[in-house]
Asker: 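Sharing a structure below in structure tokens format, with a few things to ask.
Numbers here are sequence positions counted from 1.
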Amino acid sequence: MGIKQQFTLVAHPQDKGQTEVSNRMLVNGIKKRLGKAKGNLVEELPNVIWSYRMTPRVSTKETPFSLTYDTEVMLPVQLMVGSLRTTHFEETNNNKDLRANLDLIEEKRE
């Protein structure tokens with residue numbers, strides 16, 4: 001499923017705190033979804049991780065996805081139903097715009 005396990009060191013307590021906050025959010029999401037799904041963890045885990053990555057954080061007002069890839073995520077419903085973003089998509093212009101945005105990504109992350 002592409003899940004990568006990472007460990008934090010005791011020497012870096014700030015890392016441990018960040019890990020605990022992330023884990024707490026994921027566990028809470030799993031508990032909420034499993035209550036409705038009657039214990040079907042395998043099917044619900046990708047949904048919980050996806051929602052975690054797509055939820056804007058209070059501190060940055062950005063999603064982890066947008067900070068990583070410097071673009072907003074396309075929701076599945078936008079792809080199926082169609083949206084302004086999908087109907088006016090041109091691959092050549094998109095690639096040019098993405099390259100132009102690379103200059104601003106460090107400022108956005110800061």
Side-chain angles (χ1 to χ4, degrees):
M1 293 186 69
I3 297 173
K4 183 179 177 184
Q5 184 176 12
Q6 295 182 340
F7 297 97
T8 58
L9 300 172
V10 179
H12 299 287
Q14 68 273 17
D15 290 345
K16 187 174 185 237
Q18 292 170 351
T19 302
E20 288 176 359
V21 168
S22 298
N23 288 346
R24 185 175 352 131
M25 293 176 74
L26 289 171
V27 167
N28 288 339
I30 289 170
K31 285 179 184 178
K32 290 175 187 175
R33 295 290 297 207
L34 288 182
K36 296 175 185 176
K38 298 179 184 172
N40 203 353
L41 176 65
V42 175
E43 291 181 12
E44 292 301 320
L45 186 58
N47 296 328
V48 172
I49 293 173
W50 184 84
S51 66
Y52 175 75
R53 291 179 180 163
M54 302 311 131
T55 304
R57 301 294 171 253
V58 174
S59 59
T60 62
K61 297 184 180 44
E62 297 285 344
T63 65
F65 185 91
S66 69
L67 291 174
T68 303
Y69 299 107
D70 192 35
T71 188
E72 289 301 320
V73 68
M74 290 287 294
L75 299 173
V77 72
Q78 289 175 312
L79 296 173
M80 289 185 285
V81 175
S83 69
L84 188 64
R85 188 173 170 189
T86 58
T87 55
H88 291 91
F89 176 78
E90 294 179 19
E91 189 170 352
T92 55
N93 287 342
N94 184 58
N95 291 337
K96 186 173 66 173
D97 291 342
L98 286 174
R99 275 191 231 104
N101 286 338
L102 285 176
D103 295 335
L104 304 174
I105 194 166
E106 288 303 321
E107 292 176 15
K108 185 176 181 181
R109 287 179 182 159
E110 288 174 2

Asker: With the 4.5 Å side-chain cut-off for hydrophobic clustering, are Val27 and Ile3 part of the same group?
Answerer: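 Unlinked, Val27 and Ile3 end up in two clusters.
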Asker: When you compare the side chain of Arg24 with that of Asn28, does any pair of heavy atoms fall below 4.5 Å?
Answerer: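 A side-chain contact exists here, since the closest heavy-atom pair is under 4.5 Å.
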Asker: Quick check for you: to the nearest 0.5 Å, what is the distance between Thr55 atom OG1 and Trp50 atom CH2?
Answerer: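 Reported value, rounded in 0.5 Å steps: 8.5 Å.
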Asker: Atom CE of Met54 and atom CD1 of Ile49: how far apart are they, to the nearest 0.5 Å?
Answerer: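 Between atom CE of Met54 and atom CD1 of Ile49 there are 11.0 Å.
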